[in-house]
2 protein chains.
Amino acid sequence: MALEHALLVALSEQPAAGLELARRFEKSIGFFWHATHQQIYRVLARMEADGWVTVEEVAQTGRPAKKVYAVSASGAAVLRDWLATPVPMEAFRSELAVKMRGASYGDRAALLEVVRAARADHEARLQHYRQLEARDYPQPGQLTGAELDQHLVLRGGIRLEEFWIAWLDDYLAAHDAAAHPVKKEQSA
Amino acid sequence: MALEHALLVALSEQPAAGLELARRFEKSIGFFWHATHQQIYRVLARMEADGWVTVEEVAQTGRPAKKVYAVSASGAAVLRDWLATPVPMEAFRSELAVKMRGASYGDRAALLEVVRAARADHEARLQHYRQLEARDYPQPGQLTGAELDQHLVLRGGIRLEEFWIAWLDDYLAAHDAAAHPVKKEQSA
DNA sequence: CAGCCCTATGCAACTCGTTGCAAGGTGGTG
DNA sequence: CACCACCTTGCAACGAGTTGCATAGGGCTG
């Protein structure tokens, strides 16, 4: 029951059609929420039936017409209520973490390779986020309102990637140390 | 398709029945994976049908008999293969993050209260994890094998909670600053 | 113009996960 | 004994989310 509300946030920022929303999700709200276009279409249809959004068919030259959705008054009220509702403690879920925990029941070298690959992915994403930040928020001290919130959430995305990199480095270092133990007291 | 493998990891550490597994999930692997007992029962049944685990009915005094599951040879092979398989980039999903982004479309004071409550939850969980670490891993430098991995994953849980607290503090501080702006150049 | 890709919307089928409930047994309390 | 609490397993129904495919128009290329 939360994709609806994420869409209300996105449509409050800017009315849009299904595919546009899907694309925006990938590049901005998508730090912390992901959805396929199928799901977005279905939820938009339900939201329209519930009167949370209004639709306007917009013809385009050289392209099929699109249905542009905008938040209605009742949708805005729903969003307002939702924003004031406490969130239950959120569960984090990571397949990689399960693998790291289970490493000793498989080929450890192969698993370390998997971890290194994941670390590279997070590194790449971190760089991407930092570029976004430099491009879109060159003067963070001056922001207010929606822009301030958007920047703070992007900061969260950056912090999250930093968390991953630090943790995975921790893991890799510990297993390097275990593989090549440094003898402190006696040596060769 | 990943709960199966998480269960294989848990059962490799220690054979167990459905409810025991559900409870262990809550307190250890549960840092990074959560599952209800219903789901665990269903998946265990499927895994047994697939020959990944073996079952032994164990009678108990004063309690209903339980079905203790253990990893079979073919289950161990499946786990081994899975551990060596690369993980696709994982999507993080947070309702709270969406709310923080949408704050300006609702009552900001109410939302800041929601954020403070979430911060308190993460703080409490962090303290809990730190106690677990002090109790179960007093000498982290000496660990090897499965214990080392378990400790490193707990370290990940700790780092994750630290990420949340730092981020939420960031958010709260920015909105405090926006509410009570400090005039640097001119004052009163 | 045939073939392919892009945009835009959408259906159908499936898996995953949650919620509510129940059966059947034991133990403890008033 | 009646009642409640708890343990263990499980069913049924629902909602969320993914994957594959379909349709229908337009543009580009050989």
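Each chain gets a letter, A, B and so on, in the order the sequences are listed, and its residues count up from 1.
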Open item on the list: Does C/dG10 have OP1 or OP2 under 4.0 Å away from a side-chain N or O of A/Arg46?
Closed with: no

Task: Value in whole Å for how far the P atom of D/dA16 lies from CG of A/Leu44 - done: 14 Å

Open item on the list: Going by the rule side-chain hydrogen bond (donor to acceptor under 3.5 Å, both in side chains), which residues pair with B/Arg80 if we only count those two or more places apart in sequence or in a different chain?
Closed with: none

- [ ] Provide, to the nearest angstrom, the distance between the CG atom belonging to A/Leu3 and the P atom belonging to C/dG17.
- [x] 18 Å

Below 3.5 Å, can you tabulate the donor-acceptor pairs from side chains in residues 87-99 of chain B to any protein atom, sequence neighbours excluded?
unit_1  : atom_1 : unit_2  : atom_2 : d
B/Glu90 : OE1    : A/Glu95 : N      : 2.9
B/Glu90 : OE2    : A/Ser94 : OG     : 2.9
B/Glu90 : OE2    : A/Leu96 : N      : 3.3
B/Arg93 : NH2    : A/His34 : O      : 2.5
B/Ser94 : OG     : A/Glu90 : OE2    : 2.9
B/Ser94 : OG     : B/Leu96 : N      : 3.3
B/Ser94 : OG     : B/Ala97 : N      : 3.1
B/Glu95 : OE2    : A/Trp82 : NE1    : 3.4
B/Lys99 : NZ     : A/Trp82 : O      : 2.7
B/Lys99 : NZ     : A/Thr85 : O      : 2.5

Task: Protein-nucleotide distance (A/Arg42, atom CZ; D/dC14, atom C1'), rounded to Å - done: 13 Å

TODO: Find the distance B/His34:NE2 to D/dA16:P and express it as a whole number of Å.
DONE: 18 Å

- [ ] Show which residues join B/Tyr41 in its hydrophobic cluster (side-chain heavy-atom contacts under 4.5 Å, direct or indirect), or state none.
- [x] B/Leu19

Open item on the list: Can you tell me if A/Gln39 touches the phosphate of D/dA16, counting only side-chain N or O atoms and a distance under 4.0 Å to OP1 or OP2?
Closed with: no

Open item on the list: I want to check one thing: is the phosphate of D/dG17, taken as OP1 and OP2, less than 4.0 Å away from some side-chain N or O of A/Arg93?
Closed with: no

Task: Between C/dA8 (C1') and A/Glu56 (CD): distance, integer Å - done: 17 Å

TODO: Write out all pairs satisfying salt bridge (Lys or Arg N to Asp or Glu O under 4.0 Å) with one or both partners inside residues 7-19 of chain B, taking only residues at least two apart or from two chains.
DONE: A/Arg101-B/Glu13

Open item on the list: Determine whether the aromatic ring centres of residues A/Trp167 and B/Phe31 are separated by less than 6.0 angstrom.
Closed with: no

TODO: Give the rounded distance in Å between these two atoms: CD of A/Glu4 and P of D/dG15.
DONE: 11 Å

TODO: Sugar-phosphate atoms are those with a prime plus P, OP1 and OP2; base atoms are the rest. Using that split, label each nucleotide of nucleotides 4-9 of chain D B, S or - for protein heavy atoms under 4.0 Å, 5' to 3'.
DONE: ---BBB

Task: Value in whole Å for how far the C1' atom of D/dA24 lies from CD of A/Glu57 - done: 13 Å

Open item on the list: With salt bridge (Lys or Arg N to Asp or Glu O under 4.0 Å) as the rule and sequence neighbours excluded, what pairs involving residues 117-137 of chain A come up?
Closed with: A/Arg119-A/Glu123, A/Arg119-A/Asp169, A/Arg125-A/Glu161, A/Arg130-A/Glu162, A/Glu133-A/Arg155

